Amino acid sequence: MGQDHLPSPIDVLRLLSSYPGRWIVPAVVITLAAGIFATFGPQPYEASQALIVRNQANGQEGGRFRSNEDMKVTQDTILELAKSQSVVATALQSVGPPADHNNPDVFPTMEDIQTLRGNIRLAAPNGAEFGKTEVFYLKVKDHKRSRAIALSVALSRQLQARFQQLRDEKAKSVIHELENVVAIAETDLNDVTAKLKQLEDSVGSDLAELRSLHGSPSAQSELRQRVLEAEKELRAAEVTLTSDRELLTLLKDAELDSGRLLATPNRLLESQPALRRLKDGLVDAQLISSKLLGQMSEEHPTVRAALQSEQEISDHIHAELAVAIRGVEVEIRMNEKTVKDLQDQLQDTQSRLEKLANLRAEYSNLVSDVASRVDALGSAKKNLSDAYAVRDNARTADLISSIDAPECPNTPAGPRKAVIILAGLIGGLATGLGVLFLSVPTLTPPATKVATRTFVPTKKSRREADLAPAGGVSFGEELHVSGPRL
């Protein structure tokens, strides 16, 4: 067989002229069908209702969207609501069934709802992208212009009502959640406050000191001042006690030897003014006696008087030493008690301060927990108050507003009749040509001769020849094939 090839224009024209009915009939039928459809078929009208959407007036936003993404999310929600079953069904019920409806008593059916869903769309203004502007158009198609306008009005009203209802339901859900948050925050705050109160009660009168430590750990508090004063008084009392003990030792030694009293420092005798004066008098008497002995004999009356005066002063000192020793012993006992009291007071104050220092970390944590829970509770209550405001706003204000009345051109929204007929003609011609080429044998080129093949007989061919039917080609005979190649 020959090889396939593309038909030439002449072959195509010859084929068209040879079988005119195979391509003219489909073309005429389809063109007539397109013309009938363009003349008597339903022509949809599209009504357009301009709408504007704003955001909730929260804070300083003034009803403006924070970003284009928020606006697009809102408009996507509106689109889903516009095609929801409740909105579409309610709008159809308010408009009523069309005049040619099969069963007006059962309206709307799911088929009616699905049909209207396919005829609803949201579009942005010319030259804008959907979701980038606050203004958008709700477009509805129907075979009757008046019904398209009525459906656009009904859908816009139902869309506004449903969107308002959706906001109300969303606000209720948020309020319920925030009420739980507020309840949990109040419970947490009460628990932490109870722990803090228990800790403060255990501190007692040192609560002010603990709060001072919490507020400023490095500040000089009252207890710290007490510790410093107690340490200062204790050091002074210990010095006084040491001095008294040294004085007692010296006085006891002087009781045995009055001469030792003369070697006693005056600072030790500051608590014994009489003894100090006697000491000074004894020194003066001794000086006078020594001076007179240097000038006179011991038998001189003046010398004897001076020695007598010295002896009397020494006797007074000896008597005064016994009184001074008893007084110093009493003072020592009093100073020992003072030192013991100061030590106990210092130890108690230091213990209280150490206890407060150990409680400061726990107290600070509890105070911080209370403060954080107070802030959390305040934030939750503020959010709850805002949610109440949003709910009230959702019940009174609508975020979707209509702009003027819906518009619907007097001409159908679909293609013109001439365009439909021209499209039918082109489609008919394409169909006719397809039918023609599928139903007619493939075009062939002019006839060509085929090369002669000569068969040489062999043993195998002889056996095949014996089995071949009568009328076949004999061996050794040339086979000539000519004619057009299919």
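Please read all numbers here as calculations on a predicted model, not as lab measurements.
- Using modelled atom types, no side-chain atom of Gln75 and backbone atom of Asp70 make a donor-acceptor pair closer than 3.5 Å.
- Residues Arg121 and Glu46 are in side-chain contact: their nearest non-hydrogen atoms beyond the backbone lie under 4.5 Å apart.
- Under the rule for a salt bridge (charged side-chain N to carboxylate O under 4.0 Å, His left out), Arg157 has no partner lying at least two apart in sequence or in another chain.
- Taken to the nearest 0.5 Å, the CD atom of Glu229 stands 11.5 Å off from the CG atom of Leu346.
- The CD1 atom of Ile400 sits 11.5 Å away from the CZ atom of Arg162 when rounded to the nearest 0.5 Å.
- In this structure, Ile184 CD1 and Leu189 CG are separated by 13.5 Å, a value rounded to the nearest 0.5 Å.
- Side-chain polar atoms of Thr115 and Asp112 form no donor-acceptor pair below 3.5 angstrom.
- Separating the OG atom in Ser94 from the CG atom in Leu92 is a distance of 7.5 Å, to the nearest 0.5 Å.
- Ala82 approaches Leu155 most closely through the heavy-atom pair O-CD2, 4.3 Å.
- Summarising the local packing, OH of Tyr137 is surrounded by 12 or fewer heavy atoms from other residues, nucleotides or ligands at distances under 6.0 Å.
- Note that NZ of Lys139 and OG of Ser48 are 5.0 Å apart. Values are rounded to the nearest 0.5 Å.
- Of all heavy-atom pairs between Ile175 and Leu384, the closest is O-CD1, 3.8 Å.
- Here the rule is side-chain contact (heavy atoms from CB on, under 4.5 Å) with Leu116, and of Val95, Val140, Val87 only Val140 fits it.
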Are Leu51 and Leu159 close enough, and set up right, to give a side chain to side chain contact (heavy atoms under 4.5 Å, CB included), and what steps lead you there? CA-CA 11 Å; Leu51 300 174; Leu159 179 60; 4.2 Å; yes

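- For the pair Phe136 and Ile78, the minimum side-chain heavy-atom distance is below 4.5 Å.
- The side chain to side chain contact (heavy atoms under 4.5 Å, CB included) test applied to Ile52 returns Glu134, Val135, Ser401, Ile403, not counting sequence neighbours.
- Between the side chain of Arg117 and the main chain of Lys83, a donor-acceptor pair closer than 3.5 Å is present.
- Minimum heavy-atom separation, Leu377 to Val182: CD1-O, 3.7 Å.
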Stepwise, does the side chain to side chain contact (heavy atoms under 4.5 Å, CB included) test hold for Glu231 with Gln350? CA-CA 11 Å; Glu231 289 177 347; Gln350 288 179 342; 3.6 Å; yes

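- A donor-acceptor contact closer than 3.5 angstrom links the side chains of Gln160 and Ser402.
- Annotation: side chain of Thr133 is in contact with side chain of Pro125 (closest heavy-atom distance under 4.5 Å).
- Not one N or O on the side chain of Ser173 forms a donor-acceptor pair closer than 3.5 Å with the backbone of Lys170.
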Stepwise, does the salt bridge (charged side-chain N to carboxylate O under 4.0 Å, His left out) test hold for Glu177 with Lys172? CA-CA 9 Å; Glu177 180 179 355; Lys172 289 180 180 179; over 6 Å; no

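- The closest donor-acceptor contact from the side chain of Ser202 to the backbone of Leu199 lies under 3.5 Å.
- Panel note: side chain Ser84, backbone Leu81; a donor-acceptor pair is recorded below 3.5 Å.
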Determine, step by step, whether Thr240 and Thr338 satisfy the side chain to side chain contact (heavy atoms under 4.5 Å, CB included) criterion, reporting the C-alpha distance in whole Å, the side-chain angles of both residues, the deciding distance to 0.1 Å, and the verdict. CA-CA 10 Å; Thr240 302; Thr338 301; over 6 Å; no

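- The heavy-atom pair separating Ile30 from Gly427 by the smallest distance is CD1-O, 4.2 Å.
- Arg147 and Gly96 get closest at one heavy-atom pair: NH1-O, 2.7 Å.
- Glu80 CD to Leu166 CG: the interatomic distance, rounded to the nearest 0.5 Å, is 11.5 Å.
- Minimum heavy-atom separation, Leu151 to Ala91: CD2-O, 4.5 Å.
- Under a 3.5 Å cut-off, the side chain of Ser379 and the backbone N or O of Ala376 do not form any donor-acceptor pair.
- Residue pairs meeting the side-chain hydrogen bond (donor to acceptor under 3.5 Å, both in side chains) criterion with at least one member in residues 178-199, sequence neighbours excluded: Glu179-Tyr388, Lys197-Asp201.
- Within the 3.5 Å criterion, the main-chain N or O of Cys408 finds a donor-acceptor partner in the side chain of Arg145.
- Side-chain contact, Gln343 with Gln347: no donor N or O sits under 3.5 Å from an acceptor N or O.
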With side chain to side chain contact (heavy atoms under 4.5 Å, CB included) as the criterion, how do Gln93 and Gln158 come out once you've worked through the C-alpha distance, each side chain's angles and the decisive distance to 0.1 Å? CA-CA 11 Å; Gln93 288 177 356; Gln158 294 301 322; over 6 Å; no

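- Partner of Leu234 under the side-chain contact (heavy atoms from CB on, under 4.5 Å) criterion, chosen from Val339, Val239, Asp341: Val339.
- Checked by atom type and distance alone, the side chain of Asn365 pairs as donor or acceptor with a backbone atom of Ala361 at under 3.5 Å.
- Under the 3.5 Å distance criterion, the side-chain polar atoms of Ser152 are matched with a main-chain donor or acceptor of Ile149.
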